[in-house]
Amino acid sequence: MSSDERRDSLADQAAAWVPPWQRPTAPSAAPETEDPGDSAPPEGPEPTKISGEIEGAAESAAPDVPVEAGGVGETGGVEGGRGSGEGRGVGESGGRVGETGGGEGKGGRGSSAKGSAGRRQRAPAPEPPPELDDTELRGALEAILLVVDEPVSELILAQVLEQPAERIGPLLDEIAAGYTAAGHGFELRRAAGGWRLYTRPEYATYVERFVLDGQSVRLTQAALETLAVIAYKQPVTRSRISAIRGVNCDGVIRTLVSRGLVEECGTEPDSGAFLYRTTTMFLEKLGLNSVDDLPPLAPFLPDDVEELADATR
């Protein structure tokens, strides 16, 4: 072929060449139910031969895996297998995140279980106090009674020694009887609702000589008479005390109140005057448990007391 003929052949081929996007496509067999709109060509450039080969290799390397509605990790893994290598990496990363989340959930449940188990534990019960025998309990009671400055009740002694209250009373009675039988210079006596050690009356002279050492703290005759009236007539008003004694007793009553032997205990409903009564110190000083232990007043009254009462009316 000559050069002119070759040139004419190339010119004819160039004139007859049609771009790929203008070339007519062969009609494909489509199902009857297919929507005509689906046959429209996709937007963008037509896939080339190289991209088709890459897509085929990717599909052969990663088979189709059914997608479950489980976790983000599995979905990411399937998408990574179907798509490019970058998609597979993202899927694996999502799977690892899903596994980490599951581990954290298990740890959280474990911590909650431990916390609830700790809350269910009960505190250990306190140990019961040791049971003292009679000898030890007797010695403890005597030691306490030697240092008290006022009568102490059986309930307080039981609380201090952590022992049943029903053991304290009988043992105190036994201790008091033992002191009396042994002839000690002191005795255990119930006074003012409690127990306290006292010196015996037959040794009062020696005790006063040692304690007072020439000092006199005795009450006056007027104070003793007023205190006796209050003790036997309580609660009583000042006017009633003055009427019984025949003199004004305001100053004497103030002295008895300051000494702690008498106290106010309310007012009289009719007149509103203050009422007075004896205190626990009064019972303690006399060694009495209550005012009911006061000696009867009848033996100390004169024989003509009724005539004197009629004369004063």
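Within the 4.5 Å cutoff, no side-chain heavy atoms of T255 are placed close to those of T226. Using a 4.5 Å heavy-atom threshold, the side chains of K285 and R259 count as separate. Side-chain contact between L275 and Q234 is absent, with no heavy-atom pair separated by less than 4.5 Å. Counting heavy atoms from C-beta outward, R200 and F186 have side chains that stay 4.5 Å or more apart. Between L161 and L141 there is a side-chain heavy-atom pair separated by less than 4.5 Å. Side-chain contact between Y198 and P151: present, with at least one pair of heavy atoms (C-beta onward) separated by less than 4.5 Å. Proximity of V152 to L145: side-chain heavy atoms (C-beta onward) are separated by under 4.5 Å at one or more points. For the pair I168/L137, a side-chain contact is recorded, criterion being any heavy-atom separation below 4.5 Å from C-beta on.
Judged as a side chain to side chain contact (heavy atoms under 4.5 Å, CB included), and not counting sequence neighbours, the contacts of A223 are L219, T220, V252, L256. Residues forming a side chain to side chain contact (heavy atoms under 4.5 Å, CB included) with L283 (at least two apart in sequence, or on another chain): A192, L288, V291. For P201, the side chain to side chain contact (heavy atoms under 4.5 Å, CB included) partners two or more places apart in sequence, or in a different chain, are E187. Contacts of R277 classified as salt bridge (charged side-chain N to carboxylate O under 4.0 Å, His left out), with partners at least two apart in sequence or in another chain: E263. Checked against salt bridge (charged side-chain N to carboxylate O under 4.0 Å, His left out), R254 has no partners two or more places apart in sequence or in another chain. In this structure E174 satisfies the salt bridge (charged side-chain N to carboxylate O under 4.0 Å, His left out) test together with R138, sequence neighbours excluded. Annotation: side chain to side chain contact (heavy atoms under 4.5 Å, CB included) contacts of S290 (sequence neighbours excluded): D292, D293.
To the nearest 0.5 Å, atoms CD (Q163) and CG (L157) are separated by 11.5 Å. To the nearest 0.5 Å, atoms CD (E284) and CZ (R189) are separated by 11.0 Å.
Here the closest heavy-atom approach between residue I144 and residue V148 is recorded as O-CG1, 3.2 Å. Taking every heavy atom of both residues into account, I253 and R238 meet most closely at CD1-CG, 3.6 Å.
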### Message
Go through it in stages, so that I can follow the logic: the residues are T278 and L261, the test is side chain to side chain contact (heavy atoms under 4.5 Å, CB included), and I'd like the CA-CA distance, side-chain angles, deciding distance and then a yes or no.
### Response
CA-CA 6 Å; T278 56; L261 299 174; over 6 Å; no

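Between the side chain of E208 and the backbone N or O of T205, no donor-acceptor pair lies under 3.5 Å.
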Can you give each donor-acceptor pair under 3.5 Å made by side-chain atoms of residues 177-185, sequence neighbours left out, with the distance rounded to 0.1 Å?
residue	atom	partner	partner atom	Å
Y179	OH	E142	OE2	2.9
T180	OG1	A176	O	3.1

Sequence neighbours excluded and cut-off under 3.5 Å, please list the side-chain donor-acceptor pairs for residues 266-274, or say none.
residue	atom	partner	partner atom	Å
E268	OE1	S271	OG	2.5
S271	OG	A273	N	3.4

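The list of salt bridge (Lys or Arg N to Asp or Glu O under 4.0 Å) pairs with a residue in residues 219-232, not counting sequence neighbours, reads E225-R245. Screening residues 145-155 for side-chain hydrogen bond (donor to acceptor under 3.5 Å, both in side chains), with sequence neighbours left out, gives E154-R190, E154-W195.
Note on L227 and V247: separate hydrophobic clusters, where clusters join Ile, Leu, Val, Met, Phe, Trp and Tyr whose side-chain heavy atoms are under 4.5 Å apart, directly or indirectly. Hydrophobic clustering keeps L188 apart from L155 (ILVMFWY residues linked when any side-chain heavy atoms are closer than 4.5 Å, directly or through intermediates).
Here Y206 is tied into one hydrophobic group with Y203, each link being a pair of ILVMFWY side chains closer than 4.5 Å.
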